[in-house]
Peer 1: 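Let me give you the structure first, and then I'll get to my questions.
One-based numbering along the sequence shown.
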Amino acid sequence: MAKYSGDPDSEVDLDRMFHALADGTRRAMVARLVHGPASVSELAEPFGMALPTVVRHLQVLEEARIVSSEKVGRVRTVQLMPDAMVPANAWIMAHRRPQESRLDRLGELLDRHDPAEED
């Protein structure tokens, strides 16, 4: 697994990934693809948008290495890349732990403070 501190290439990859996931339509497409591959037409169906717009959303997801696609005949099928979310999850977890530690310390402090003693 790649390191995400100080590696400029990794930072660019994370920027692309978070940019891709910042859009609700793209997040909905990813959520659909969790259940298995789908054609571009199937992905477009719930959004009521033109196919070129859907294709552009999918290009952003492909550039971020979240999905891949394959064209067979006239049908382009899209699927999630294996472990696509690992880099984003690793970054989130690395930045979540210090915050959780602070909250744990606050919880301990509050547990030690007995409001009944103030009466």
Side-chain angles (χ1 to χ4, degrees):
M1 184 155 77
K3 294 182 181 176
Y4 296 100
S5 58
D7 183 354
D9 292 334
S10 295
E11 292 298 324
V12 171
D13 291 345
L14 278 176
D15 289 348
R16 282 190 188 126
M17 182 171 287
F18 284 125
H19 168 75
L21 296 172
D23 182 86
T25 299
R26 291 191 288 267
R27 285 192 310 275
M29 290 177 179
V30 168
R32 163 53 188 88
L33 292 170
V34 165
H35 302 288
S39 70
V40 173
S41 298
E42 290 171 329
L43 290 171
E45 208 171 285
F47 301 108
M49 58 179 68
L51 284 179
T53 305
V54 172
V55 168
R56 180 62 193 129
H57 280 294
L58 292 171
Q59 286 173 339
V60 171
L61 290 169
E62 270 195 271
E63 289 169 3
R65 298 183 188 131
I66 296 171
V67 303
S68 64
S69 67
E70 178 182 25
K71 189 171 184 178
V72 178
R74 295 179 59 178
V75 178
R76 179 166 296 279
T77 303
V78 182
Q79 64 184 7
L80 281 179
M81 295 286 289
D83 299 324
M85 301 301 190
V86 169
N89 189 48
W91 187 88
I92 290 167
M93 294 305 290
H95 291 83
R96 181 177 159 197
R97 288 186 188 118
Q99 185 64 25
E100 285 179 347
S101 174
R102 284 185 222 128
L103 289 174
D104 288 345
R105 286 194 308 264
L106 175 61
E108 291 168 6
L109 178 66
L110 293 174
D111 286 343
R112 285 187 294 201
H113 179 71
D114 185 3
E117 292 177 4
E118 293 180 5
D119 291 339

Peer 1: Which pair of heavy atoms, one from Asp23 and one from Thr25, lies closest together, and at what distance?
Peer 2: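 Of all heavy-atom pairs spanning Asp23 and Thr25, the closest is OD2-N, 2.9 Å.
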Peer 1: Show me the side-chain donor-acceptor pairs of residues 66-82 shorter than 3.5 Å, one per line, residues at least two apart or across chains.
Peer 2:
| residue | atom | partner | partner atom | Å |
| --- | --- | --- | --- | --- |
| Ser69 | OG | Glu62 | OE1 | 3.1 |
| Ser69 | OG | Arg76 | NH1 | 2.9 |

Peer 1: How close do Leu21 and Arg27 get, counting heavy atoms only, and between which atoms?
Peer 2: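 Heavy atoms of Leu21 and Arg27 come nearest at O-NH1, 2.8 Å.
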Peer 1: Grab the two heavy atoms, one from Leu61 and one from Ala20, that are nearest each other, plus how far apart they are.
Peer 2: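 Smallest interatomic distance, heavy atoms only, reads CD2-CB, 4.0 Å.
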Peer 1: Give a yes or no on whether the backbone of Leu58 and the side-chain of Arg26 come within a donor-acceptor separation of less than 3.5 Å.
Peer 2: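 Side chain of Arg26 to backbone of Leu58, a donor-acceptor pair under 3.5 Å: no, none is there.
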Peer 1: Identify the heavy atoms of Met17 and Ala88 that sit nearest to each other, and give their distance.
Peer 2: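 Heavy-atom minimum between the residues: SD-CB, 3.4 Å.
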Peer 1: When the side chains of residues 42-53 are checked against the rest of the protein, which donor-acceptor pairs come out under 3.5 Å, sequence neighbours left out?
Peer 2:
| residue | atom | partner | partner atom | Å |
| --- | --- | --- | --- | --- |
| Glu42 | OE1 | Ser39 | N | 2.8 |

Peer 1: Verify side-chain contact (heavy atoms from CB on, under 4.5 Å) between Arg16 and Asp13, making sure each step is shown before the conclusion.
Peer 2: CA-CA 5 Å; Arg16 282 190 188 126; Asp13 291 345; 3.9 Å; yes
Peer 1: For the side chain of Asp83 and the backbone of Val86, is there at least one donor-acceptor N/O pair under 3.5 Å apart?
Peer 2: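 No, because the side chain of Asp83 does not come within donor-acceptor range (under 3.5 Å) of the backbone of Val86.
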Peer 1: Would you say that more than 12 heavy atoms from the other residues, nucleotides or ligands in this model lie under 6.0 Å from the CZ of Arg32, or not?
Peer 2: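 Result for CZ/Arg32: enclosed.
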Peer 1: In this structure, would Phe18 and Val60 fall into the same cluster of hydrophobic residues linked by side-chain contacts under 4.5 Å?
Peer 2: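 In one cluster with Phe18: Val60, no.
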